Undergrad: 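Mind having a look at this structure? Questions to follow.
All figures in this text were calculated on a predicted structure; none of them were measured in a lab. Numbers for residues simply follow the sequence, beginning at 1.
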Amino acid sequence: MQCYVHALLLCMALTMFSLLYVFNQLASTLEAGDQWTLGKAQRIPDRSGHDAVHAVRKVPGVAGLPDQGFDRKRPGSAVKASRNERMHLAVVACGPRLEETLTMLKSAVLFSKKPLHFHIFAEDHLHKSFRDALDSWPSMVQPRFNFTNYPITFPSENAKEWKKLFKPCASQRLFLPLILKDVDSLLYVDTDILFLQPVEEIWDFLSQFNSSHLAAMAPEHEEPRIAWYNRFARHPYYGKTGINSGVMLMNITRIRKKHFKNDMTTVPLQWEEMLMPLLQKYKLNITWGDQDLLNIIFHHNPESLYVFPCQWNYRPDHCIYGSNCHQAEQEGVFILHGNRGVYHDDKQPAFRAIYEAIRKYPFGENMVSSLLLPLERMLQATIHTYCGRASHLLTKRLQQSIQSVQDTEKMTHVVHR
């Protein structure tokens, strides 16, 4: 009997220590959250010149925040449309990702008809390069987009730990709802994304959200027998095969307001309260960094996630062992995700061919003769690979997007005659 009493007391003591640890982490997070106000940038009125600089307040406790962010707007441009018409696209670029990011942004501009606002989170030394490159795009393209450069910023506590999680700066995306406080909805994409159709097509998923949905992502895999999460993960994950966070559509107003169920405490936590305790609990068990944390969050809150099909986040895994994205087989690939560096090596030449075709395409040239036909010639040389044999899936929606752009140009020409 005495042994049972001792065991009971030991269990009670361990439980008490665990609770104290969790609440200590929550207290630290809340303290850091009080200091996290960088999203509330103090903006000055737009100037009549080419550039408008937005001053950003220095905030104690936020690592790496310089005196100024950069926001480029053009007076009189199409992007001066109402707030509801503007699509917000965010990307995080660290290291040698400048050209890859610019190619992604180029693909977004090429096919979209609605105005875009790019939120570019990058290391300080890349800001001028982004600004110079985007400002160098032809005048006919400039009215289609605005952009803002942001520094890479994490809460001062554990900033180094967040920055090194998985890939440099990748976990910045977790803090976008806390930084972009004036933005209602946002499409986050990795730098290795290519849009093969207008951005507004994925943006329209927001109208399909029910009252519980606050984010949309694609499954990590369609085939459980070769999927990663259900075979190797040492932490909770969403659904049968997990989710991939390379393309993430969010209503960040809802994210900021929601109290999330979790496995750290019986009390639902807000986004900013949850991140640090979550990292501390699982940091020794996660492989894919912030994507794993998102899987854990939506494992406990599945009603909050809208899952879109695999052709909206088509990766080499969908064709490397034979085609396993059935929606892409029917409708083509909508968004290409060249993860694992396949745009820059010879492992998946079909993916690299599409990247190179868009990167080299000169704005204003005929899209059929200067983009589509050269791409089809390059893809012919990739049919020795499984993904190359599925190249018709990679170009199906691209052909439709090009045709739509040309039809719009013809109509515009007729109207202005």
Side-chain angles (χ1 to χ4, degrees), residues 72-74 76-91 100-120 130 133-148 180 183-208 216 246-250 308 311-314 331-338 354-355 357-359 361-368 370-372 375 394-413:
R72 193 284 316 274
K73 290 186 179 179
R74 295 181 182 79
S77 75
V79 186
K80 290 281 187 181
S82 70
R83 187 168 188 152
N84 291 333
E85 294 178 2
R86 183 180 302 172
M87 300 177 294
H88 292 267
L89 177 65
V91 65
E100 185 174 272
T101 306
L102 289 170
T103 304
M104 179 276 291
L105 298 175
K106 183 180 183 180
S107 72
V109 169
L110 280 177
F111 307 118
S112 298
K113 297 180 177 64
K114 291 184 179 180
L116 289 154
H117 191 118
F118 300 143
H119 300 270
I120 304 169
F130 274 114
L134 292 171
D135 282 341
S136 72
W137 286 3
S139 58
M140 62 180 179
V141 176
Q142 297 289 346
R144 302 182 196 173
F145 70 97
N146 289 334
F147 70 90
T148 308
L180 301 176
V183 175
D184 177 63
S185 295
L186 182 74
L187 175 62
Y188 166 85
V189 297
D190 286 347
T191 60
D192 51 11
I193 291 296
L194 291 173
F195 293 94
L196 305 183
Q197 67 170 14
V199 176
E200 48 262 38
E201 299 295 332
I202 189 170
W203 192 260
D204 284 346
F205 275 120
L206 289 167
S207 64
Q208 299 183 32
V247 179
M248 184 163 56
L249 183 65
M250 298 175 279
F308 47 65
Q311 75 263 48
W312 297 94
N313 187 348
Y314 190 90
E331 302 174 302
V333 174
F334 298 168
I335 295 178
L336 195 70
H337 187 176
I354 295 178
Y355 174 81
I358 293 175
R359 184 182 70 83
Y361 167 74
F363 279 114
E365 295 292 319
N366 182 281
M367 284 193 176
V368 173
S370 298
L371 175 56
L372 185 59
L375 171 59
L394 306 179
T395 58
K396 182 175 183 177
R397 189 50 64 120
L398 180 62
Q399 291 173 340
Q400 296 174 12
S401 298
I402 290 173
Q403 184 62 53
S404 178
V405 169
Q406 292 186 326
D407 290 345
T408 301
E409 290 174 347
K410 288 177 183 177
M411 290 177 61
T412 304
H413 182 68

Undergrad: Can you tell me how far the OG atom of Ser370 sits from the CD1 atom of Ile402, to the nearest 0.5 Å?
TA: 10.0 Å
Undergrad: Could you grab the distance from atom CG of Leu194 to atom CG of Leu105, nearest 0.5 Å is fine?
TA: 10.5 Å
Undergrad: Assess the residue pair Phe118 and Phe130 against the criterion (side-chain contact (heavy atoms from CB on, under 4.5 Å)); give the C-alpha distance rounded to whole Å, side-chain angles, the decisive distance to 0.1 Å, and a yes or no.
TA: CA-CA 11 Å; Phe118 300 143; Phe130 274 114; over 6 Å; no
Undergrad: How close do His337 and Asn313 get, heavy atom to heavy atom, and via which atoms?
TA: ND1-OD1, 2.9 Å
Undergrad: Under the criterion side-chain contact (heavy atoms from CB on, under 4.5 Å), which of Leu196, Val333, Leu375 is the partner of Thr395?
TA: Leu375
Undergrad: Report the distance from atom CD of Glu409 to atom CE of Met140, rounding to the nearest 0.5 Å.
TA: 8.0 Å
Undergrad: So, Ser107 side chain and Phe195 main chain: donor-acceptor pair closer than 3.5 Å or not?
TA: yes
Undergrad: Can you see which heavy atom on Trp137 is nearest to which on Val141, and at what distance?
TA: CE3-CG1, 4.0 Å
Undergrad: Run the numbers on Gln197 and Trp312 for side-chain contact (heavy atoms from CB on, under 4.5 Å), then give the verdict.
TA: CA-CA 10 Å; Gln197 67 170 14; Trp312 297 94; 3.0 Å; yes
Undergrad: Nearest 0.5 Å please: distance from the OG1 atom of Thr103 over to the CD1 atom of Ile354.
TA: 13.0 Å
Undergrad: Between Tyr314 and Leu394, is there a side-chain heavy-atom distance shorter than 4.5 Å?
TA: yes
Undergrad: Do Lys106 side-chain atoms and Ile358 backbone N/O form a donor-acceptor pair below 3.5 Å?
TA: yes
Undergrad: Hey, are the side chains of Val189 and Leu89 touching, using non-hydrogen atoms and a 4.5 Å cut-off?
TA: yes
Undergrad: Tell me, with the steps shown, if His117 and Thr148 meet side-chain contact (heavy atoms from CB on, under 4.5 Å).
TA: CA-CA 8 Å; His117 191 118; Thr148 308; 2.7 Å; yes
Undergrad: Under 3.5 Å, is there a donor-acceptor pair between the side chain of Thr191 and the main chain of Glu100?
TA: no
Undergrad: What's the separation between atom NZ in Lys114 and atom CG in Asp204, rounded to the nearest 0.5 Å?
TA: 5.5 Å
Undergrad: Does Phe111 reach the side chain of Met367, with side-chain heavy atoms less than 4.5 Å apart?
TA: yes
Undergrad: Just by distance, do the side chain of Asn366 and the backbone of Val368 share a donor-acceptor pair under 3.5 Å?
TA: yes
Undergrad: Does the side chain of Asp407 come under 3.5 Å of the side chain of Gln403 through a donor N or O and an acceptor N or O?
TA: yes
Undergrad: Would you say Arg397 and Glu331 make side-chain contact, with heavy atoms under 4.5 Å?
TA: yes
Undergrad: Determine whether Leu116 and Phe147 satisfy the following criterion, side-chain contact (heavy atoms from CB on, under 4.5 Å), listing intermediate values before the conclusion.
TA: CA-CA 8 Å; Leu116 289 154; Phe147 70 90; over 6 Å; no
Undergrad: For residues Val91 and Tyr188, report the shortest heavy-atom separation together with the two atoms involved.
TA: CA-CE1, 4.3 Å
Undergrad: Would you call Leu372 and Tyr361 a side-chain contact if the rule is heavy atoms closer than 4.5 Å?
TA: no
Undergrad: Okay, side chain of Lys113, backbone of Glu200: is any donor-acceptor separation there less than 3.5 Å?
TA: no
Undergrad: Please report the interatomic distance NE2(His119) to NE2(His88), rounded to the nearest 0.5 Å.
TA: 5.0 Å
Undergrad: Which heavy atom of Met104 sits nearest a heavy atom of Ile193, and at what distance?
TA: CG-O, 3.0 Å
Undergrad: Donor-acceptor pair, Thr408 side chain versus Ser404 backbone, under 3.5 Å?
TA: yes
Undergrad: Do the rings of Phe205 and Phe308 sit parallel, tilted or perpendicular, given the 30° and 60° boundaries?
TA: parallel
Undergrad: Taking the side chain as C-beta and beyond, is there a heavy-atom pair between Leu187 and Trp203 under 4.5 Å?
TA: yes
